Amino acid sequence: MSHDNVAFHREHMLPEAPPPVTETGVIKWLRENLFSSVANGLLTVVTAYVVISIVVAAAPWFFNGIWDSPSLTACREMLDGRTGACFAVLTERWNQLLFGFKYPDELYWRPTLAFVLLFAAIAPVLFIKFLPRILLIFTGLYPFIAYWLIWGGSIMVPIMALLGVLFGVLVYRRTLTVSAGVAVLAGIAGAMVFWWAAGFLTGSTAGFMALEPVASRDMGGFMINLMLGVVCVSLSLPFGIALALGRQSNMPIIKWICVIFIEFIRGVPLITLLFVANVVLAYFLPPGTNFDLILRVIIMITMFASAYIAEVIRGGLAALPRGQYEAADSLGLDYAQSMQFIILPQALKISIPGIVNVAVGLFKDTTLVSVISMFDIVGMIRGPILASAEWNGVYWELFGFAALLFFITCYGISQYSQWLERQLQTDHR
Amino acid sequence: MAAEAQMKVSDEVAVEISKMNKWFGAFHVLRDIDLTVYQGERIVIAGPSGSGKSTLIRCINALEEHQKGSITVDGTVLSNDIKNIDRIRSEVGMVFQHFNLFPHLTILENCTLAPIWVRKTPKREAEEIAMHFLTKVKIPEQADKYPGQLSGGQQQRVAIARSLCMKPRIMLFDEPTSALDPEMISEVLDTMIELAEEGMTMLCVTHEMGFARKVANRVIFMDQGQIVEQNEPEEFFNNPKSERTKLFLSQILGH
């Protein structure tokens, strides 16, 4: 080939062409993914063998399962030597697994209704782009409704609590012109004063529209895990954001308070915090005060989760380019506005996987309360159910069921978060 | 300064910087800067990298704090008071080298956010203003897209429109074309030229000497944190006085 003429110029630009049509279909997929080499083929065969043997071994246990029997002994008789599970424990102790063993039977509808309403309450938050904003009002009312349903008592208590919150918000709005910090403190003080005053009123109207009260110590089962999980996750997110921003603050006192809080709480095992909630906290409270155990546990778990979420969000804040802060500043947005509209939406989006990680971990950690003698689902299984004469020895079915409940919830959270991340994807990289 | 008196286009002072000094730690970035910018003036600031030219214009809207001397913007002395700073920032638009659009907001939302929340403009009106300026920078059809879907040149024009929506009295440009592909530089420069022709007060840090020749009524050359030379563009390019300026010009115009 001669090289004497390399000059070239193109008359027509080439049009876009489709990619070459290559073989497609199942065979290609199998060959590429499972049998791409001898070693891979061997691994595929071995893996398939292991999976099939597990299924073959577990299937009879599952399918021979007895769903209706009064006790383990009766169940074994019915199985008559065959391999099989005793799922009857789940049906027979269903209510105990869900509500604990002291919650009054005739009131089961109340936590059940609260659970159903929970979906209506969180949907407007989870799908904020697709549902009308007005529904968020129900989300705001839900905590008070749920409290009234689960604990019972006069409706005046949750109503006064709600009014206290509204009063605090009003005070906050009125004092906002002075400074944001003052307004927050004034708002909290306003709510406190309102609740203190309302205490006298609720005392005298104890019977007004009252549901039969149920004490915290009578609650149990998966209900406790759900309650702690939902309340602590929803509280720890705002606290975590506040701590993360506080840690970045230019004001040294705020910064150091946040740093010390985060580092201390993260350095302590959750179980010690729970023991503190259960036992030690009582020493610090004035004698005679009856500080609800569930409330104490909620405070401790929330503190614990907030510290972790704060660090996750700090990572998101650090990942934002400085230019975003500068662009917000250069437009004249003040600190609160630039955080609300520019910095936090982006930082939180980056932090979603980390936040979900903490949330899922926290939800599963709620089973730790069984150690401080609360009868959550694990507490129920280890205590009243396994200790009973009828069901002593049914481990797989019970713990498998508990695992399944947690798995469904956590997998749901994980799927939602991945969907949310796709929704928020606007950078088109 | 006699030359300055000739160059000014109005008597109204937009920015007054006197004996301003700034340090980054122990490093003395800006030394005794004296500069008066009149309303309607177009100033191009040039100089080698590290000469403090970006820092200088970032001091004008308090993105950087100065330690000595004073800066007066539009009659207000820059102080540490946060309300004062926010007010000045809302009067001074800034365009960055890397655009710094908000990637999670659409183009329209990028442009309406500050007018709505800082100027308290009603949403409808803010959107009308935004569309007006987006039309002006010739990308009204991109209003509902996200910044990530636009080319660099388009993003920079959006950034200019975003600043203009605040109806600023002064515009600062911090190397607005340095991060762009050569083919996109001219569309951004065209927008800036148009803005200059309308009489906007502009301070541009740029290496685009063609732009400086065309629109500037003053070129400032900085080196080692000091203003080394300033003159009208004709004189500055054809007849530079200082040796440092001559060297700089021979290097950037040499090929």
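All figures in this text were calculated on a predicted structure; none of them were measured in a lab. Numbers restart at 1 for each chain; the letters A, B, ... are given by sequence-line order, proteins then strands. Computed over heavy atoms, backbone and side chain alike; hydrogens, waters and symmetry mates excluded.
Nearest approach of A/P345 to B/H104, heavy atoms of both residues: CB-CD2, 3.6 Å. Summarising the geometry of A/A327 relative to B/F102, their closest heavy-atom pair is CB-CE2, 3.8 Å, with the distance given to 0.1 Å. Closest of all the heavy-atom pairs between A/L331 and B/A114 is CB-CB, 3.8 Å.
Heavy-atom neighbours of B/K123 NZ from other residues, nucleotides or ligands within 6.0 Å: at or below the threshold of 12. Around CD of B/E183, the count of heavy atoms belonging to other residues, nucleotides or ligands within 6.0 Å does not exceed 12. The 12-atom threshold is exceeded at CZ of A/F138, counting heavy atoms of other residues, nucleotides or ligands nearer than 6.0 Å. Other residues, nucleotides and ligands place no more than 12 heavy atoms under 6.0 Å from the CZ atom of A/F239. Residue-environment remark: CD (A/Q418) exceeds the threshold of 12 foreign heavy atoms within 6.0 Å. Taking a 6.0 Å sphere around CH2 of B/W23, one finds it holds more than 12 heavy atoms contributed by other residues, nucleotides or ligands. The number of heavy-atom neighbours closer than 6.0 Å to CG of B/D81, taken from other residues, nucleotides and ligands shown, is above 12.
Of the atoms belonging to B/I88, not a single heavy atom falls under 4.5 Å from chain A. When heavy atoms are compared at a cutoff of 4.5 Å, B/R58 approaches chain A solely by way of its side chain, counted from C-beta outward.
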Worksheet item: Checking side-chain contact (heavy atoms from CB on, under 4.5 Å) for the pair B/M94/A/E326: CA distance, chi angles, key distance, verdict?
Response: CA-CA 10 Å; B/M94 183 153 198; A/E326 290 179 351; over 6 Å; no
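Note: B/F96 CZ to A/R322 CZ = 10.0 Å, rounded to the nearest 0.5 Å. If you take OG on A/S330 and CG on B/L172, they are separated by 9.0 Å, rounding to the nearest 0.5 Å. One finds the CZ atom of A/F341 at 9.0 Å from the CD1 atom of B/I116 (value rounded to the nearest 0.5 Å).
In terms of heavy-atom pairs under 4.5 angstrom with chain B, the leader among A/L333, A/D334, A/D329 is A/D329. Among the candidates B/V95, B/I82, B/L113, the residue making the largest number of heavy-atom pairs closer than 4.5 Å to chain A is B/L113. Interface check for chain A: of the options B/N61, B/L63, B/V92, B/L105, the most heavy-atom pairs under 4.5 Å are formed by B/L63.
Side-chain contact between B/P103 and A/Q324: present, with at least one pair of heavy atoms (C-beta onward) separated by less than 4.5 Å.
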